[in-house]
Amino acid sequence: MAIPSKYEITEREAYWREFWAQHNIYAFDENSDKPIFSVDTPPPYVSADHLHPGHIMSYSQAEFVVRFKRMQGYNVFYPMGFDDNGLPTERHVEKKYKIKNKDAISRSEFVKLCLEETQKGIETYRNLWSLLGISVDWSKTYSSINPHSQKIAQWSFIDLYRKGFLSQREEPIMWDISFQSALAQTDLEDSEQDSHLNDIIFKSENTAEDLIIATTRPELIPAAVALFFHPEDKRYQHLIETKAITPISGHSIPILTDETVDREFGTGLMMVCTWGDSEDIAKWKKYKLETRLIFNERGILGELAGAYAGTHISKLRNSILEDLKAQNLLIKQTPITHTIQVSERSGTPIEFIITKQWFINVVEHKEALLEQGRKLNWNPKRMFSIYSDWVSSLKWDWCISRQRYYGVPIPVWYHRETGEIILPQEDELPVDPTEYTPRGYKAEDLIAEQDVLDTWMTSSMSPEIGAKLVENPDIAAKLFPSSLRPQAFEIIRTWLFYTVTKAYFHHNTLPFTDVMISGHGLDTQGRKISKRLGNFTPPETTIATYGADAMRYWATGTTLGENIRYNEEEIKKGKKTVNKLFNVGKFAEMHLVNFTLPDTASELELIDKWILSELNQTIEIATHSFEQYEYYKARTAIDQLFWNKFTDYYLELIKYRLYDESPEGQNSRKAAQYTLYIYIESLLKLYAPILPFITEELYQGLYSDTESKSIHNSTWPKTNTNWQLSEEENNLMTDILAVVEAVRAYKSQNSISLGKEIESFNYTSTQDISPYEVFLTKALRVGKFIK
RNA sequence: GGGCGAUUGGCUCAGUUGGUUAGAGCAUCUCGUUUACACCGAGAGGGUCGUAGGUUCGAAUCCUACAUCGCCCACCA
């Protein structure tokens with residue numbers, strides 16, 4: 001197959017994409033006995049078309065390593081997943097179809113819309129990933145809402161229940177009043193808001209004196225259940241064991257002491273409600289305080305809110321402050337800026353209500369989970385601290401039930417009479433309890449669980465969901481644990497933590513051995529790329545302009561875990577590299593016509609051995625670097641070899657030999673051809689993980705004699721000790737290269753064209769390079785060297 | 001407040017265990033129509049490696065403090 005005369009990037013990349021697909025170049029081979037390398041590919045959210053260069057960066061970086069492993073002889077299992085489950089999808093559909101009230105649409109209609117939107121998202125990703133040349137095995141694809149994934153997520157629930165890691169408890173839980181669903185610790189986000197610290201008068205029931213408390217949430221006064229002060233606070237000793245009367249609601253609450261109260265804050269008196277924050281819950285639990293819930297799951301105020309009943313909690317603060325003012329009970333308002341926790345998805349400040357929810361008991365296993373995390377091979381190492389910080393700071397068990405429409409149903413029924421919890425058999429999965437009756441029961445005896453599972457409940461099973469795409473159970477078993485988990489650092493505390501947790505609880509193992517954590521994509525000014533700011537060029541546009549190889553080249557531009565700025569110059573450099581490779585390919589093709597690799601190596605000249613020894617060194621560096629996930633280092637070394645050693649020197653120095661038609665020059669010419677042949681093949685292979693398109697083009701054009709043999713299934717280059725230079729040869733080469741440089745400088749400074757022959761050149765050298773004078777005079781067009 | 005990361009020529013970034021004149025690309029300047037390539041080639045200029053101390057024969061690299069920027073966590077009701 002010949003190399004085309006011109007490299008039309010878009011057209012040729014499309015050609016090779018099609019070629020790879022047709023020949024199943026990236027398919028996992030179930031019949032192979034090669035060692036397996038399995039990847040736990042991140043399943044991206046498909047709920048919105050928000051793909052930007054940051055995604056390109058992180059997927060490419062992982063893919064460099066995957067391609068390297070494939071060429072190293074691994075049977076690569078590289079599936080693709082799509083996370084189309086859960087709240088983000090619901091929200092996207094609500095927004096897009098302007099669904100304000102879910103009562104206006106049936107559950108099944110709504111789910112149908114979700115699935116439709118999901119499908120569109122999958123197409124967007126799939127198109128871009130193919131465009132980029134991501135070498136996933138598209139025959140191994142899952143979506144997190146499909147039956148395969150649902151089955152595994154539900155199995156997980158059942159297995160955890162049977163093993164005692166699950167519990168159903170009624171307790172205060174973080175709640176999103178706008179979505180009306182429970183939230184897990186990780187669904188929260190900080191939001192800085194301007195507010196007031198209000199000094200408000202309570203009355204002592206016993207002495208009728210004024211008790212001043214400071215609060216940012218005066219609306220919770222009707223929910224107040226106690227006042228606290230520090231046990232050693234001299235100002236309030238006489239109040240121990242007495243009671244206070246709240247303003248507005250006028251109910252009586254105990255006054256207690258606790259060491260966690262800060263004497264310096266406000267007046268040193270603290271109001272505890274049910275519940276304003278986790279501190280409230282802690283004290284409520286510790287002192288077994290009363291429970292006063294003033295609003296329901298929609299945020300509507302109830303009886304305990306007295307006159308305010310029927311209105312919404314969000315309106316209560318102003319009403320209460322006005323009423324306090326009217327009664328002269330509000331003494332002071334201090335403006336403050338503080339950080340409150342809001343629901344990540346809705347932006348609504350979280351509230352606490354008490355409901356029955358399912359939990360995975362993670363808090364009591366903190367130590368073990370920390371230990372599991374420690375056993376992972378983290379790349380880069382420092383990313384482990386994000387994991388350990390998170391695990392150490394866990395305060396709540398993982399709440400896995402969600403009061404939502406679109407998700408994997410919790411596979412549970414409750415017996416109408418006894419309340420007994422009924423689980424389906426494994427072979428019945430997946431089930432929707434609201435539409436299915438488990439074997440051995442009658443529908444009328446059962447109450448179906450309405451809630452669905454947290455979306456992380458499914459994605460935390462991704463290594464197994466992926467592995468089980470292979471039907472043969474023996475082979476599937478070999479795919480778990482995965483070899484590699486690539487992901488972004490933002491989801492260490494969610495996806496990574498939950499996956500580690502699941503593998504530990506289910507199998508007492510790690511879900512994967514190696515972790516590769518990528519950084520953020522930033523815009524040209526160093527700001528985080530986001531859909532909201534719109535500060536990015538769509539990757540499709542960039543690829544159309546410069547090609548996928550060039551875009552991938554940009555992604556090598558930073559070390560793993562570091563953020564990378566979008567930099568069009570780097571992409572241009574990628575394109576230049578592609579162009580240069582192409583031209584070298586054309587040149588080689590021209591000079592390798594009718595050349596076949598001889599059985600025995602040709603008699604190499606010093607310069608030939610030199611470039612091959614440079615190749616040796618680069619192979620070593622690149623191999624080691626890719627193994628350490630240091631694709632950047634690999635690329636730099638390969639670039640050096642290609643640009644600075646090969647095109648700058650070697651190629652120019654052997655041209656005269658390649659063009660030599662004389663009979664006495666044929667041995668030398670063959671040696672140069674031989675070197676060219678060997679060198680370029682290895683060079684292409686070295687670049688192949690980073691630049692899959694152009695390397696395939698040239699490999700097919702120069703080397704492949706079969707229709708289906710791809711460079712990406714070829715073997716990774718090996719070093720050859722025959723190419724090692726002796727110390728003497730090495731010194732000689734150093735001098736020869738110095739002479740080359742000197743001649744070039746001389747010509748450049750004297751405005752002489754490099755191609756023009758000069759009569760003589762003065763040089764000094766530490767080695768005796770006289771045997772190479774003929775070579776130098778020919779290669780450099782110098783009549784005579786004068787020492 | 002605690003933790004992590006960053007700070008290197010105009011710009012974007014490398015510098016693995018401390019070791020000869022600190023590297024690359026882009027940009028700048030000079031030169032060159034050379035038979036793979038002008039998406040090219042050759043040459044040149046440009047950095048007291050954020051600041052201040054310390055360890056060492058020797059520090060961009062190790063230690064301490066500080067400054068600026070970014071991120072994460074905890075946040076006083």
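Below, chains carry the letters A, B, ... as their sequence lines are ordered, and counting in each starts from 1.
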### Task
Remember a base hit wins even if backbone is also touched, and classify A/Phe582 as base, sugar-phosphate or nothing at under 4.0 Å, heavy atoms.
nothing
### Plane angle bin for A/Phe646 and A/Tyr679 - parallel if under 30°, tilted between 30 and 60°, otherwise perpendicular
parallel
### Query
Using purine N1 to pyrimidine N3 plus N6-O4 or O6-N4 for Watson-Crick, or N1-O2 and O6-N3 for G-U wobble, both under 3.5 Å, which nucleotide pairs with B/rG25?
B/rC11
### Message
Measure CZ/A/Phe642 against P/B/rC39 and give the value in whole Å, please.
### Response
16 Å
### Task
Could you please name the option among B/rC73, B/rC39, B/rA77 that lies closest to any side-chain atom of A/Arg493?
B/rC73
### Query
What orientation do A/Phe384 and A/Tyr387 show, parallel under 30°, tilted 30 to 60°, or perpendicular over 60°?
parallel
#### Entry: Nearest-nucleotide pick for A/Asn583, side chain only, options being B/rC75, B/rC37, B/rG43
B/rC37
### Query
How would you label the contact of A/Lys633 with the nucleic acid (heavy atoms, under 4.0 Å): base, sugar-phosphate, or nothing?
base
### Query
For A/Tyr649 and B/rU34, what is the distance between atoms OH and P respectively, to the nearest whole Å?
21 Å
### Message
Any base atoms under 4.0 Å from A/Lys655, or only sugar-phosphate, or nothing? Heavy atoms, all strands.
### Response
base
### Message
Measuring from the side chain of A/Lys395 (C-beta onward, heavy atoms only), which nucleotide among B/rA74, B/rA42, B/rC39 has the closest atom?
### Response
B/rA74
### Message
Counting only Watson-Crick pairs (N1-N3 plus N6-O4 or O6-N4) and G-U wobbles (N1-O2, O6-N3), all under 3.5 Å, who is the partner of B/rC69?
### Response
B/rG5
### Task
Measure from the ring center of A/Phe536 to the ring center of A/Tyr566 and say whether it is less than 6.0 Å.
no
### Query
Taking OP1 and OP2 of B/rU12, is either one under 4.0 Å from a side-chain nitrogen or oxygen of A/Arg565?
yes
#### Entry: Interatomic distance where CH2 belongs to A/Trp396 and P belongs to B/rA74 [whole Å]
12 Å
#### Entry: Listed nucleotide nearest any side-chain atom of A/Phe489, set B/rG41, B/rC71, B/rG32
B/rC71
### Query
Within 45° of the ring axis of A/Tyr649 and under 6.0 Å from its six-membered ring centre, is that where the NZ or CZ of A/Arg744 lies?
yes
### Message
Suppose you measure atom C1' in B/rC29 against the same atom in B/rG10; what distance do you get, rounded to whole Å?
### Response
14 Å
### Upstream residue (5' side of RNA chain B) when A/Thr216 and A/Ile386 are each assigned their closest nucleotide
A/Ile386
### Task
Check the distance between B/rA42's C1' and A/Arg781's CZ and give it to me in whole angstrom.
16 Å
### Summary
A/Asn563 atom CG is separated from B/rA6 atom P, nearest whole Å, by 11 Å
### Message
Just the rounded figure in Å: distance from P of B/rA14 to CD1 of A/Ile621.
### Response
18 Å
### Task
Measure from the side-chain heavy atoms of A/Trp643 and tell me the nearest of B/rG32, B/rG41, B/rA6.
B/rG41
### Task
Classify the ring geometry between A/Tyr703 and A/Tyr677 as parallel (under 30°), tilted (30 to 60°) or perpendicular (over 60°).
perpendicular
### Task
Verify the contact: side-chain N or O of A/Thr559 to OP1 or OP2 of B/rA14, cut-off strictly under 4.0 Å; return yes or no.
yes
### Query
Considering heavy-atom distances to RNA chain B, does A/His624 or A/Glu741 have its closest nucleotide positioned more toward the 5' end?
A/His624
### Query
According to the Watson-Crick and G-U wobble definitions, with both distances under 3.5 Å, which nucleotide is paired to B/rC40?
B/rG32
### Task
Among B/rA14, B/rA77, B/rC39, find the nucleotide with the atom closest to the side chain of A/Asn579.
B/rC39
## Note on the structure
From the candidates B/rG43, B/rC75, B/rG25, the one with an atom nearest any side-chain atom of A/Lys573 is B/rG25
### Query
Of all the nucleotides listed (B/rA6, B/rU12, B/rG43), which has the minimum atom distance to the side chain of A/Glu562?
B/rA6
### Query
Quantified in whole Å, what is the P atom distance between nucleotide B/rG41 and nucleotide B/rA27?
12 Å
### Task
Give A/Asp648 one of three labels, base, sugar-phosphate or nothing, depending on what nucleic acid heavy atoms sit under 4.0 Å from its own.
sugar-phosphate
### Summary
Answer for the Watson-Crick or wobble partner of B/rC62, both distances under 3.5 Å, is B/rG54
### Query
Which part of the nucleic acid does A/Asp262 contact within heavy-atom distance under 4.0 Å: base, sugar-phosphate only, or nothing?
base
### Query
Do the side chain of A/Lys580 and the base of B/rC37 come within less than 3.5 angstrom through a donor-acceptor pair of N or O atoms?
yes
### Query
Quantified in whole Å, what is the P atom distance between nucleotide B/rA22 and nucleotide B/rC49?
11 Å
### Query
Which value, in whole Å, describes the distance between the P atoms of nucleotides B/rU12 and B/rA67?
24 Å
### Query
Parallel, tilted or perpendicular: which describes the rings of A/Phe68 and A/Phe626, with under 30° parallel and over 60° perpendicular?
parallel
### Query
Is the phosphate of B/rG5, meaning OP1 or OP2, less than 4.0 Å from a side-chain N or O of A/Lys381?
no
### Message
In whole Å, I'd like the distance from the OH atom of A/Tyr632 to the P atom of B/rA14.
### Response
6 Å
### Query
With rounding to whole Å, what would you report as the distance between B/rC39 and B/rU21 at their P atoms?
40 Å
### Message
Measuring only the C1' atom in each nucleotide, how far is B/rG50 from B/rA60? A whole number of Å is fine.
### Response
12 Å
### Query
The side chain of A/Ser393 lies closest to which of these nucleotides: B/rG5, B/rC73, B/rG3?
B/rC73
### Query
Ion pair present between A/Arg217 and A/Glu351, side-chain N to carboxylate O less than 4.0 angstrom?
yes
### Task
With heavy atoms under 4.0 Å as the rule, sort A/Glu570 into base, sugar-phosphate or nothing.
nothing
### Query
Can you check whether A/Lys576 has a side-chain N or O nearer than 4.0 Å to OP1 or OP2 of B/rC26?
yes
### Task
Just say parallel, tilted or perpendicular for the rings of A/Tyr236 and A/Phe229, cut-offs at 30° and 60°.
tilted
### Message
Using whole Å, what does the distance between atom P of nucleotide B/rG43 and atom OH of A/Tyr746 come to?
### Response
16 Å
### Query
Using atom P of each nucleotide, how far apart are B/rG18 and B/rC63 to the nearest Å?
11 Å
### Task
Scan side-chain atoms only and decide if A/Lys283 and A/Thr260 contain a donor-acceptor pair under the 3.5 Å cut-off.
yes
### Query
With both distances under 3.5 Å as the test, what is the Watson-Crick or G-U wobble partner of B/rU16?
none
### Query
Reckon A/Thr558 has a side-chain N or O less than 4.0 Å from the OP1 or OP2 of B/rA14?
yes
### Message
Once you apply a heavy-atom cut-off of 4.0 Å, does A/Leu651 come out as touching a base, just sugar-phosphate, or nothing?
### Response
base
#### Entry: Gap in Å between the two C1' atoms, one belonging to B/rC13 and one to B/rA6, rounded
12 Å
### Task
Would you mind classifying the nucleic acid contact of A/Gln749 as base, sugar-phosphate or nothing, using non-hydrogen atoms under 4.0 angstrom?
sugar-phosphate
